[in-house]
Peer 1: 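Before we start, here is the structure in question, set down as structure tokens.
The residues of the chain are indexed from 1 along the displayed sequence. Predicted model only: the values in this text are computed from it and were never measured.
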Amino acid sequence: RAKYGSDPDWGEQDRFRYRSQPSLLCLFIYNGILPSDLRERLRPFVPPPPPAEIRTVDEPPSTVPQRIYDHESRQPRQIDIPLILCETEHASQHDIHAILRLIDMSKIQASDKTKHITTAGARAISEILQDGDFYESEEGLKSWETNPWPIKSFAWPLILQNAGLVELAGRRLQLTSTGKKALAQPAHETIHKAWTRWLKTTLLDEFNRVHTIKGQTGKGKRTMTAVVDRRAATVRALRACPPHRWIAFDEFSRFMRAAGIRFEVAHDTWRLYIADPNYGSLGYSGYGGWHTLQARYMLTFLFEYVATLGLIDVAYIHPARARPDYHGQWGTDDLDCLSRYDGLLYLRINSLGAWCLGLTESYQAAPVQVQPILKVLPNLEIAATETLSPGDALFLEQFAQQTSDFIWKIEPVKLLETLEQGRTVKDMLVFLEAKSGNALPDNVAIFFKETAGRVSQLAQLGPALLIEAKDAALAHLIANDTRLKSLCILAGEHYLVVPIESERAFRRALRELGYGLPGIR
């Protein structure tokens with residue numbers, strides 16, 4: 001059915017499903033089996049079936065039809081829903097740096113148990129995404145209406161934690177040393193590493209995000225299949241798709257079944273249910289099929305993680321009433337969709353996705369888009385010609401102070417603080433030149449480079465003990481003793497500095513010299 005669109009022609013059947021006039025196909029296949037001896041006789045001259053192919057389109061339609069119930073006429077009618085087209089490749093490369101900067105400002109909290117961020121954190125992330133989240137948060141919804149937000153805002157913190165770029169410190173997310181280095185590295189390289197790590201993660205089972213299907217936690221968790229295998233099957237199908245061509249999700253799903261690229265979501269679907277574990281169990285015949293389980297898993301994985309990372313462009317609508325394939329199952333009468341991802345209708349592998357999926361050997365990083373929206377002045381002021389995006393404003397906050405709606409002032413103290421945290425002047429200069437469309441004034445460029453040079457003049461070697469001697473003679477005696485001189489440094493006439501890692505050896509050698517070192521007074 002998936003490959004050819006229908007069942008084979010077995011001939012005519014009567015009302016008792018008896019083949020009153022069987023077709024010639026029944027001479028070859030008996031009870032669903034082609035006998036082995038007949039198989040060998042047919043093999044030399046019967047050509048093998050052609051491989052499954054996937055159908056693509058140049059562009060998705062601008063609208064899709066949808067049937068709704070008109071309460072005034074009390075009749076169903078059809079309306080056209082505009083399709084939202086989202087190209088993710090460049091947005092994801094902006095977003096990953098913007099979110100890392102936001103987290104570095106200690107503004108995002110998360111659960112130490114689930115690693116999921118708070119609602120406030122998701123809102124803060126949504127505000128700095130280049131194109132926003134796929135959906136905006138909806139307030140005042142009725143009990144049966146679905147709020148599809150958040151998607152990107154939920155996924156990014158988990159992706160970054162799994163990639164080792166971000167970690168929890170108490171309840172707040174903070175950058176790791178790798179995360180700080182990532183701010184100075186090309187975004188596409190960081191995304192490639194994050195994608196590779198996500199394919200192997202057990203931090204999250206994406207199917208858990210389909211909240212309407214219960215029974216996935218507790219004892220039911222043991223019946224869920226390995227999530228790594230599910231991702232591998234979906235990625236295998238993606239790699240069989242031609243890049244830069246739009247593919248309907250339903251066609252992608254059909255192709256997987258036709259090509260034999262299959263996976264299971266649960267070992268025992270009786271554990272999974274909708275609304276009620278008895279009446280709504282997905283183990284009943286016709287309930288927990290491919291469209292309910294496997295397709296919903298793929299929708300979640302593709303929409304929330306593959307698209308968020310910028311590997312595929314997507315075309316979608318609101319999930320409500322987008323996929324009626326679950327209608328008829330017990331307990332679904334009050335659901336306007338089975339998952340918040342039901343609205344994904346088309347996908348397209350872009351250049352970043354082709355590289356991350358191994359379809360191309362290299363990726364040509366898109367240059368920073370020149371947008372002449374800033375003017376850098378010789379007096380260290382930055383004038384904006386229009387309202388800055390949240391991501392751009394967040395970047396400027398690292399080294400400049402906003403003095404009015406459209407004016408920023410580069411602050412030496414803020415610049416020094418940012419450089420102390422491991423940022424590079426090069427990253428700032430590239431940003432300012434790209435956003436202004438011109439080279440910076442000479443004195444501004446010199447100011448940045450001289451400030452960076454002054455930061456590099458000093459190095460922090462670690463903590464140490466400061467010890468005071470009663471008289472200068474004793475301090476000099478200890479600093480020049482053959483056992484102690486390699487463990488301490490003379491500071492002035494009365495003080496000694498001992499690196500913290502040398503404290504135990506220093507105390508031991510000091511006792512051998514005949515002196516002791518009490519605790520802090």
Peer 1: What about the rings of His116 and Phe154, do their centers lie closer together than 6.0 Å?
Peer 2: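 Between Phe154 and His116, which both carry aromatic rings, the centre distance is below 6.0 Å.
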Peer 1: Looking at Leu34, is its backbone amide N or carbonyl O close enough to the side chain of Arg39 to form a donor-acceptor pair, meaning the two atoms are under 3.5 Å apart?
Peer 2: yes
Peer 1: Distance-only, no hydrogens or angles: does the Thr118 side chain make a donor-acceptor pair with backbone N or O of Gly121 under 3.5 Å?
Peer 2: yes
Peer 1: Say whether Ser23 and Asp9, considering side chains only, have a donor N or O and an acceptor N or O under 3.5 Å apart.
Peer 2: no
Peer 1: Hey, are the side chains of Gln294 and Arg262 touching, using non-hydrogen atoms and a 4.5 Å cut-off?
Peer 2: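 When only atoms from C-beta onward are counted, Arg262 and Gln294 do not touch, as no gap falls below 4.5 Å.
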Peer 1: Parallel, tilted or perpendicular: which describes the rings of His192 and Trp355, with under 30° parallel and over 60° perpendicular?
Peer 2: tilted
Peer 1: Are the charged groups of Asp205 and Lys221 less than 4.0 angstrom apart, N to O?
Peer 2: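 Salt bridge: no.
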Peer 1: What distance do Asp95 atom CG and His90 atom NE2 have between them, rounded to the nearest 0.5 Å?
Peer 2: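 Asp95 CG to His90 NE2: 12.5 Å, rounded to 0.5 Å.
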Peer 1: Do the ring planes of Tyr316 and Tyr135 sit parallel (below 30°), tilted (30 to 60°) or perpendicular (above 60°)?
Peer 2: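 Because their plane-to-plane angle is over 60°, the rings of Tyr316 and Tyr135 count as perpendicular.
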Peer 1: Only counting residues at least two apart or in another chain, list the ones meeting side chain to side chain donor-acceptor pair (under 3.5 Å) with Glu361.
Peer 2: none
Peer 1: Strictly below 4.0 Å, N to O, side chains only: are Asp342 and Arg296 in salt-bridge contact?
Peer 2: yes
Peer 1: Tell me whether Lys152 contacts the main-chain N or O of Gly132 through its side chain, where contact means a donor paired with an acceptor under 3.5 Å.
Peer 2: yes
Peer 1: Please round to the nearest 0.5 Å and tell me the distance separating atom CG of Leu102 and atom CH2 of Trp156.
Peer 2: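 CH2 of Trp156 is found 13.5 Å from CG of Leu102.
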Peer 1: Could you go step by step and tell me if Cys26 and Trp10 meet the side chain to side chain contact (heavy atoms under 4.5 Å, CB included) rule?
Peer 2: CA-CA 7 Å; Cys26 297; Trp10 298 107; 4.0 Å; yes
Peer 1: Donor-acceptor check, side chain of Tyr273 to backbone of Tyr279, threshold 3.5 angstrom: yes or no?
Peer 2: no
Peer 1: Look at the rings of Trp290 and Phe263 and say which category their plane angle falls in: under 30° parallel, 30 to 60° tilted, over 60° perpendicular.
Peer 2: tilted
Peer 1: Do Glu304 and Arg340 meet the salt-bridge criterion of a basic N to acidic O distance under 4.0 Å?
Peer 2: no
Peer 1: So, Asp336 and Arg321, do they make that salt bridge, N to O below 4.0 Å?
Peer 2: no
Peer 1: Please say whether more than 12 non-hydrogen atoms of neighbouring residues, nucleotides or ligands are located less than 6.0 Å from CD in Glu53.
Peer 2: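 Result for CD/Glu53: open.
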Peer 1: I need the minimum non-hydrogen distance between Leu100 and Gly179, along with the two atoms involved.
Peer 2: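 Closest approach of Leu100 to Gly179, heavy atoms only: CD1-O, 4.2 Å.
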Peer 1: Indicate the ring-plane relationship of His188 and Tyr363, choosing parallel, tilted or perpendicular according to the 30° and 60° boundaries.
Peer 2: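 Rings of His188 and Tyr363: tilted, 30 to 60°.
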Peer 1: With rounding to the nearest 0.5 Å, note down the distance linking CZ in Phe207 to CG in Leu272.
Peer 2: 6.5 Å
Peer 1: Is any side-chain N of the basic residue among Glu40 and Arg43 closer than 4.0 Å to the acidic one's carboxylate O?
Peer 2: yes
Peer 1: Rounded to the nearest 0.5 Å, how far apart are CD1 of Ile96 and CD1 of Ile191?
Peer 2: 5.0 Å
Peer 1: Give a yes or no on this: more than 12 heavy atoms of other residues, nucleotides or ligands lie within 6.0 Å of atom OH of Tyr30.
Peer 2: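 Counting neighbours around OH of Tyr30, 12 or fewer heavy atoms of other residues, nucleotides or ligands fall under 6.0 Å, so no.
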Peer 1: Work out which heavy atom in Thr88 is nearest to a heavy atom in Ile312; give both atom names and the distance.
Peer 2: OG1-O, 2.8 Å
Peer 1: Leu293 versus Ile213: any side-chain heavy-atom pair under 4.5 Å?
Peer 2: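 Heavy-atom side-chain distance check passes, below 4.5 Å.
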Peer 1: When you measure from the side chain of Asp133 to the backbone of Ser153, do you find a donor-acceptor pair of N or O atoms at a distance under 3.5 Å?
Peer 2: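 Pair found, side chain donor or acceptor close to backbone of Ser153.
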Peer 1: Can you confirm whether Leu85 sits close enough to Glu59 that some side-chain heavy atom of one is under 4.5 Å from a side-chain heavy atom of the other?
Peer 2: yes
Peer 1: Can you confirm if the aromatic rings of Trp270 and Tyr284 lie within a centre distance of less than 6.0 Å?
Peer 2: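 When the ring centroids of Tyr284 and Trp270 are compared, they turn out to be within the sub-6.0 Å range.
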Peer 1: Compare every heavy atom of Gln161 with every heavy atom of Leu168, then report the nearest pair and how far apart it is.
Peer 2: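 Reported closest heavy-atom pair: CG-OE1, 4.3 Å.
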Peer 1: Looking at Leu24, I want to see if its CG is surrounded by more than 12 non-hydrogen atoms of other residues, nucleotides or ligands under 6.0 Å.
Peer 2: no
Peer 1: Quick one: does Asn350's side chain have a donor or acceptor within less than 3.5 Å of a partner on Gly310's backbone?
Peer 2: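 Judged by distance alone, yes, a pair lies under 3.5 Å.
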Peer 1: For Gly164 and Thr176, work out which heavy atoms get closest and say how close.
Peer 2: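 Minimum heavy-atom contact is O-OG1, 2.6 Å.
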Peer 1: Students often mix this up, so state it plainly: with edges at 30° and 60°, are the rings of Tyr341 and Phe303 parallel, tilted or perpendicular?
Peer 2: perpendicular
Peer 1: Please assess Arg254 against Glu251 for the test salt bridge (charged side-chain N to carboxylate O under 4.0 Å, His left out), listing each intermediate value before the final yes or no.
Peer 2: CA-CA 5 Å; Arg254 180 206 66 81; Glu251 169 63 14; 2.7 Å; yes
Peer 1: Got a donor-acceptor contact below 3.5 angstrom from the Ser126 side chain to the Glu136 backbone?
Peer 2: no
Peer 1: Of all residues at least two apart in sequence or in a different chain, which pass the side chain to side chain donor-acceptor pair (under 3.5 Å) check with Ser92?
Peer 2: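 With sequence neighbours excluded, Ser92 shows a side chain to side chain donor-acceptor pair (under 3.5 Å) to no residue whatsoever.
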Peer 1: Taking Asp7's backbone N and O only, do any of them form a donor-acceptor pair with Arg1's side chain (distance below 3.5 Å, no angle check)?
Peer 2: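 Not a single qualifying donor-acceptor pair exists.
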Peer 1: State the CD1-CG distance between Ile99 and Leu165, to the nearest 0.5 angstrom.
Peer 2: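 Ile99 CD1 to Leu165 CG: 11.0 Å, rounded to 0.5 Å.
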Peer 1: Might you point out which heavy atoms bring Ala315 and Pro60 nearest each other, and give the distance in Å?
Peer 2: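 Closest heavy-atom pair between Ala315 and Pro60: CB-CG, 4.2 Å.
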Peer 1: Short question: side chain of Arg231, backbone of Trp198 - any donor-acceptor pair under 3.5 Å?
Peer 2: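 Yes, the answer is positive, given that a donor and an acceptor are paired below the 3.5 Å cut-off.
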Peer 1: Does Leu344 reach the side chain of Phe134, with side-chain heavy atoms less than 4.5 Å apart?
Peer 2: no
Peer 1: With heavy-atom distances below 4.5 Å as the criterion, would you say the side chains of Met224 and Val265 are in contact?
Peer 2: yes
Peer 1: Ignoring hydrogens and angles, state whether a donor on the side chain of His318 or Gln66 is under 3.5 Å from an acceptor on the partner side chain.
Peer 2: no
Peer 1: Does the side chain of Phe252 come within less than 4.5 Å of Leu302's, by heavy atoms?
Peer 2: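 SC-SC contact between Leu302 and Phe252 confirmed.
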Peer 1: Would you say the side-chain atoms of Thr332 pair up with the backbone N or O of Gln329, donor to acceptor, closer than 3.5 Å?
Peer 2: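 Side chain of Thr332 to backbone of Gln329, a donor-acceptor pair under 3.5 Å: yes, one is there.
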